[in-house]
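Taking it in order: structure first as structure tokens, then the write-up.
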Amino acid sequence: MSAVLPTAERPVALVTGSTSGIGAAVARRLVADGYTVVLHSRSSVAAGEAMAAELGDAVYVQADLADEDDRVRLVHEAAAHAGRLDVLVNNAGISRVVPHADLVAATPALWRELHEVNVIAPFHLVAEAEPYLRAAARDGHGRAGCVVNISSHAGVRPKGASIPYAATKAALNHTTRLLAVALAPEVRVNAVAPGLVDTPLTADWTAAQELWRERAPMRRAARPEDIAQAVAMLVASDYLTGEVLLSDGGLNLT
Ligand code: NAD
């Protein structure tokens with residue numbers, strides 16, 4: 001827990017998809033670390049507003065990240081809240097379960113839907129946020145702006161809910177590295193690649209839950225707070241950029 005700074009001096013973090021699951025844990029963790037947080041989701045407005053009220057000077061913004069205009073509005077409303085934007089956590093994402101061998105079920109429409117939300121939207125949000133993130137570095141705040149993308153172990157290994165999902169996360173990992181080079185030294189860009197995390201998204205993924213209990217060295221799926229800790233570590237680490245931090249309880253080792 002950091003010393004509490006006056007509102008105007010507190011750094012600001014926008015966390016997409018932050019009314020549930022991993023995003024909510026990241027938002028709570030960044031508040032505990034001294035950030036003013038901008039919460040966001042596609043549809044759960046009441047939950048977002050209640051959470052914002054609970055988290056002090058937080059604010060909630062609704063936006064559909066499949067919609068280009070909404071993405072632009074989200075970033076500018078987030079930066080307007082406290083007059084700055086220091087951190088962007090691209091957490092919102094969608095998954096579709098399709099057996100990997102069922103190629104016909106992985107339709108072009110499904111590929112496009114996943115690609116729009118999991119790859120194009122995070123890139124577009126970084127592009128819109130770039131001037132604010134650079135300003136955070138320049139205007140005497142003393143630290144680089146920071147982006148953390150939430151990808152997946154499915155983007156690192158040939159695994160995951162479906163081939164299109166895994167491919168979007170692999171694209172996000174590579175985009176992370178490309179942006180790290182393009183935006184340095186004023187903006188750092190990293191990713192966390194979780195394995196299975198206990199969230200509403202995975203509540204009925206019983207086979208994966210069993211796999212993690214039996215095969216992962218840590219013998220369990222991650223809790224959202226475990227991933228939030230990895231995000232907070234990357235946010236706090238002023239020298240790290242271009243990293244994709246696998247956070248799968250060691251499953252990849254077995
Ligand atoms: P979740 O379903 O609890 O949260 C997803 C969030 O994304 C929600 O807040 C939702 O509003 C938002 N979202 C989805 N589509 C959107 C859209 N079109 N516009 C705006 N917001 C949208 O899921 P979660 O498990 O917390 O997942 C968070 C991230 O972590 C995702 O990117 C997911 O791919 C990734 N991930 C999750 C797991 C896991 O096991 N849960 C594993 C690896 C990676």
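Atoms within a ligand are numbered from 1 in the order they appear, just like the ligands themselves. This one's a predicted model, so the numbers in the text were calculated from it and none came from an experiment. Values reported hereafter were calculated over all heavy atoms of this structure, with side chains retained and with hydrogens, waters and symmetry mates removed.
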Check your understanding: Does R188 reach the main-chain N or O of T241 with its side chain, forming a donor-acceptor pair under 3.5 Å?
Key ->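 Flag not set: sc R188 to bb T241 has no pair under 3.5 Å.
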Point to revise | N/O donor-acceptor pair under 3.5 Å between N91 side chain and I150 backbone | key: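 No: the side chain of N91 does not pair with the backbone of I150.
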Report yes if some N/O of [X] lies less than 3.5 Å from some N/O of ligand 1; otherwise report no.
X    : value
N91  : yes
I94  : no
V197 : yes
S43  : no
T202 : no

Point to revise | Nearest-neighbour protein heavy atom for atom 19 (N) of ligand 1, which is reported as residue plus atom name and distance | key: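 Its nearest protein heavy-atom neighbour is L65 N, 2.7 Å.
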Review point. Which pairs, with at least one residue in residues 158-168 and sequence neighbours excluded, count as a side-chain hydrogen bond (donor to acceptor under 3.5 Å, both in side chains)?
Key: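 Every side-chain hydrogen bond (donor to acceptor under 3.5 Å, both in side chains) pair that includes a residue of residues 158-168, provided the two are not neighbours, is N118-T168.
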Exercise for review: Measure from atom 3 (O) of ligand 1 to every heavy atom in S20, A203, A222 and give the option owning the shortest one.
Suggested key: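 The option holding the nearest heavy atom is S20.
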Check your understanding: Considering only heavy atoms, which of G93, S152, P224, S151 lies nearest to atom 35 (C) of ligand 1?
Key ->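 Minimum heavy-atom distance to atom 35 (C) of ligand 1 goes to S151.
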Exercise for review: Check ligand 1 against A92 and write out every atom of the ligand that is under 4.0 Å from a heavy-atom position of the residue.
Suggested key: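 Reading through ligand 1 atom by atom, the close ones are 7 (O), 12 (C), 13 (N), 21 (N), 22 (C), 32 (O).
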Review point. Does a side-chain N-to-carboxylate-O contact under 4.0 Å join D86 and R143?
Key: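 Result for this pair is no, no salt bridge flagged.
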